[in-house]
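Reviewing the structure listed below.
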2 protein chains.
Amino acid sequence: MNSVNLKQLAQELNLSVSTVSRALRDSWEISTPTKQRVFDLAKKMNFQPNPYASSLRKHRSRTIAVVIPEVANNFFALAIKGIETVAREKGYHVLIYLTNEEVAEEMAIAASLQSGRVDGVILSLCGSTQDTRHLLDLQQRNIPLVFFDRVSDGITAPKVMTNDHESGFIATEHLIKAGCRRVAHLTISMSLSISHKRQQGYEDGLRRYDQPWDPDLVIHCGSDEEVNYRMIKELFLSDKRPDGVFASVEKLAVQVYHVCRELGLRIPEDVKVISFSNLVTASLLSPSLTTIAQPAYDMGKEAATILFRRLEKKYIVVPEDRVMLPAKLEVRASTMSS
Amino acid sequence: MNSVNLKQLAQELNLSVSTVSRALRDSWEISTPTKQRVFDLAKKMNFQPNPYASSLRKHRSRTIAVVIPEVANNFFALAIKGIETVAREKGYHVLIYLTNEEVAEEMAIAASLQSGRVDGVILSLCGSTQDTRHLLDLQQRNIPLVFFDRVSDGITAPKVMTNDHESGFIATEHLIKAGCRRVAHLTISMSLSISHKRQQGYEDGLRRYDQPWDPDLVIHCGSDEEVNYRMIKELFLSDKRPDGVFASVEKLAVQVYHVCRELGLRIPEDVKVISFSNLVTASLLSPSLTTIAQPAYDMGKEAATILFRRLEKKYIVVPEDRVMLPAKLEVRASTMSS
DNA sequence: CTGTTAGCGCTTTCAA
DNA sequence: TTGAAAGCGCTAACAG
């Protein structure tokens with residue numbers, strides 16, 4: 001690193017290091033002409049202050065960490081984009097850590113983050129995390145933590161998530177308004193609270209529009225694609241064949257697609273399908289398929305905004321718990337790049 | 001930050017700071033019993049060395065920057081994953097910066113990276129970048145740069161990219177081996193070198209298998225989806241209806257899908273389609289559709305590996321230009337999460 | 001084997 | 001309005 005530093009600037013200008021430092025941060029205690037001289041030389045010499053020296057001295061790194069289970073998933077990718085956007089706006093840098101859905105990695109990362117490397121952390125838990133001591137440790141070190149999407153109930157911290165109830169409601173409403181009379185709901189692992197809430201929204205949607213709730217139209221799917229396929233097929237072969245399907249996750253919508261293909265049913269003419277999705281797969285089901293998109297980008301921005309509000313200590317010490325962003329109904333064009 | 005530091009450890013143990021420092025880095029000049037005492041107390045007090053102090057002192061941050069045009073694109077997301085994996089293995093941290101395809105942002109980021117914040121940079125150019133002075137500045141500051149995917153010919157630096165010629169060849173070969181006799185090729189903006197190379201691969205593939213090359217089977221598509229759709233439809237309605245299509249980008253494969261749907265052609269029974277893709281859209285075309293996937297993850301790992309090799313100064317100062325990773329033919333199962 | 005010392009480059013009192 | 005000086009926490013000569 002052959003970089004110029006304050007000392008060199010100071011020597012060149014016959015000023016003290018401290019004066020140069022102050023001038024560069026536009027301190028009011030420096031005369032305008034001096035500032036000008038300093039600015040000019042700094043630009044000329046392409047001076048870049050050493051961030052680590054500054055961090056060491058100020059105990060602030062202007063860096064945050066984003067810890068997520070994976071990135072090869074449009075949801076998290078968009079969230080990162082939201083976070084990065086806000087971060088750069090505020091002059092922060094973003095470190096990224098992937099847990100790969102491994103609790104052990106999450107813990108190791110959390111431990112390493114105790115070093116003061118970052119001023120704050122935005123985190124989405126990996127699926128299997130139960131014990132959250134490693135996160136409490138972070139908070140004890142005064143490193144603010146903001147959860148998003150996959151939150152933990154056991155920790156007091158701001159949480160940014162989608163309003164799954166509302167999302168389920170909107171999806172159901174959409175199908176009913178589109179003329180469906182037998183709306184099925186495909187769920188996944190009911191142990192997840194999101195599934196639960198989406199189903200609540202589904203039921204409330206039916207109720208709101210005076211549709212009967214039929215337990216046979218709710219299929220609890222699991223992780224075995226084969227089994228899911230069979231269950232969905234059975235549903236379509238039964239006397240309760242749905243004319244609308246609300247799939248809680250996109251892979252289930254894909255299964256519906258395959259079932260319909262096998263049975264010679266057309267989408268969306270015979271069966272309308274709506275699904276949560278941040279992928280583009282869905283656009284193939286129909287050129288104008290409607291999806292429920294988690295507002296990933298907005299969630300990222302929101303999480304970052306909340307974190308920075310804490311970091312800049314705006315004296316709002318209200319632990320604003322649970323910000324719920326509404327899901328968005330989206331008609332997607334098929335826009336994809338290579 | 002209430003963190004413990006070396007001084008506190010030293011006091012507690014009646015040792016000097018430097019001894020503790022050395023012990024923690026497992027220096028050979030410290031006795032085993034002393035090391036043990038130090039380790040134990042460090043663990044007990046949950047000591048985490050301040051990375052910024054260390055960076056300041058050593059002029060190395062063990063941090064790299066990844067600069068990419070966007071992240072909401074499976075290719076770059078996977079690349080990040082590859083980079084992060086290698087980085088964590090080597091004990092490095094990864095800062096992420098998005099240019100949003102804006103040259104101005106790319107330049108600003110490059111400028112800020114001159115501060116010594118990172119030891120090296122992995123970068124994929126944004127589409128419009130012509131002038132690469134900002135990157136030369138980085139190199140002049142002795143910050144190694146590794147390109148991946150979107151490389152610049154104007155700069156001497158390692159470049160990791162996919163072998164587009166080979167990819168085009170493989171795709172064509174696959175269709176021919178699957179029994180296709182009239183393989184069409186859908187290209188995009190021939191100004192891009194990747195399109196050019198893929199087409200070369202296509203032509204060489206035909207030649208290799210003694211298939212005639214028919215200019216009518218090559219459609220140069222543009223950015224207007226409507227127009228592309230019409231051109232593809234015309235091709236299928238002509239007397240040269242293809243039984244195999246090699247789409248250079250996925251969105252063109254999608255258009256083929258729509259055209260086939262309209263014309264009542266089945267995929268893959270009547271027409272086989274193969275496409276470049278790192279998205280999962282393709283899996284819908286057929287449960288077992290074959291795609292040509294850019295080896296994004298591997299490219300990320302490769303780029304990171306090359307970068308770290310430089311950083312760790314293995315005295316291999318061979319500027320290993322242009323590492324070309326082969327594209328991979330993939331039969332994809334439809335694996336998607338919410 | 002361990003300690004002393006002198007910084008890394010910057011910020012921030014405290015003086016002038 | 002400017003300067004001198006004391007560190008932030010850690011590392012690396014150089015001594016012992």
Side-chain angles (χ1 to χ4, degrees), chain A residues 1-39 41-42 45-63 91 112 114-119 141-142, chain B residues 1-39 41-42 45-63 91 112 114-119 141-142:
Chain A
M1 250 69 74
N2 54 350
S3 54
V4 275
N5 55 25
L6 287 186
K7 203 164 151 192
Q8 294 172 40
L9 286 185
Q11 255 161 11
E12 197 88 9
L13 293 163
N14 272 320
L15 286 171
S16 76
V17 176
S18 51
T19 302
V20 177
S21 170
R22 279 184 279 238
L24 286 172
R25 272 168 308 112
D26 206 13
S27 164
W28 50 270
E29 28 182 13
I30 302 295
S31 71
T32 319
T34 307
K35 275 185 191 170
Q36 206 44 252
R37 288 210 307 140
V38 174
F39 285 149
L41 187 66
M45 297 184 68
N46 193 15
F47 167 77
Q48 298 282 352
N50 182 319
Y52 296 129
S54 163
S55 293
L56 178 58
R57 186 56 232 251
K58 301 208 289 190
H59 300 283
R60 297 185 76 236
S61 59
R62 294 197 84 76
T63 302
S112 91
Q114 298 200 25
S115 64
R117 185 181 293 275
V118 297
D119 296 343
R141 294 244 180 179
N142 268 312
Chain B
M1 251 65 75
N2 53 348
S3 54
V4 275
N5 56 24
L6 286 185
K7 202 164 151 192
Q8 293 171 40
L9 286 184
Q11 255 162 8
E12 197 89 9
L13 294 163
N14 272 317
L15 287 170
S16 76
V17 176
S18 54
T19 302
V20 177
S21 170
R22 278 185 279 238
L24 285 171
R25 273 168 307 116
D26 205 14
S27 164
W28 51 272
E29 29 183 10
I30 303 294
S31 70
T32 319
T34 308
K35 274 184 190 170
Q36 205 45 253
R37 289 209 306 140
V38 174
F39 285 149
L41 187 65
M45 297 182 68
N46 193 14
F47 168 75
Q48 297 284 353
N50 182 319
Y52 296 129
S54 164
S55 293
L56 178 57
R57 186 54 231 252
K58 301 208 290 189
H59 299 284
R60 298 186 75 233
S61 59
R62 295 196 83 77
T63 303
S112 92
Q114 298 200 25
S115 63
R117 186 180 292 277
V118 297
D119 296 342
R141 294 243 180 183
N142 267 312

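Computed from a predicted structure; not experimentally measured.
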In whole angstrom, what separates [X]'s [atom1] from [N]'s [atom2]?
X	N	atom1	atom2	answer
R37(A)	dT1(D)	CZ	C1'	13 Å
N14(B)	dG3(C)	CG	P	9 Å
E29(A)	dA15(C)	CD	C1'	13 Å
L13(A)	dG3(D)	CG	C1'	15 Å
K7(A)	dG9(C)	NZ	P	8 Å
Q11(B)	dG3(C)	CD	C1'	15 Å
L6(B)	dT2(C)	CG	P	16 Å
N5(A)	dG9(C)	CG	C1'	6 Å

* Between T34(A) and P49(B), which is nearer to the 5' end of DNA chain D once each is assigned its nearest nucleotide? -> T34(A)
* To do: Nearest-nucleotide wise, let me know which of T32(B) and L56(B) is further upstream toward the 5' end of DNA chain C.
  =>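 In this pair, the answer is T32(B).
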* More 5' along DNA chain C: A53(B) or S31(B), using each one's nearest nucleotide? -> S31(B)
* If only side-chain N and O atoms of S16(A) are considered, is one of them under 4.0 Å from the OP1 or OP2 phosphate oxygen of dG3(D)? -> yes
For [X], side-chain hydrogen bond (donor to acceptor under 3.5 Å, both in side chains) partners two or more places apart:
X	result
S112(B)	none
N14(A)	none
S16(B)	S18(B), T19(B)
T63(A)	none

* **Expected output: side-chain S61(A) to main-chain S55(A) donor-acceptor under 3.5 Å** =>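 Not at all, since once roles are kept as given, no pair shorter than 3.5 Å links the two residues.
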* Could you tell me the separation between the CG atom of L56(A) and the CG atom of N50(B), rounded to the nearest 0.5 Å? => 5.5 Å
* To do: For DNA chain D, determine which residues of residues 17-28 of chain A have any heavy atom closer than 4.0 angstrom to one of its atoms, and list them numerically.
  => S18(A), T19(A), R22(A)
* To do: Consider the side chain of L15(B), meaning its heavy atoms from C-beta on, and name the nucleotide among dT2(C), dC8(C), dA12(D) that approaches it most closely.
  =>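 Per side-chain heavy atoms of L15(B), the pick is dT2(C).
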* Asked: What residues, two or more places apart in sequence or in another chain, satisfy side-chain contact (heavy atoms from CB on, under 4.5 Å) together with Q36(A)?
  ->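 Result, side-chain contact (heavy atoms from CB on, under 4.5 Å) vs Q36(A): F39(A), D40(A).
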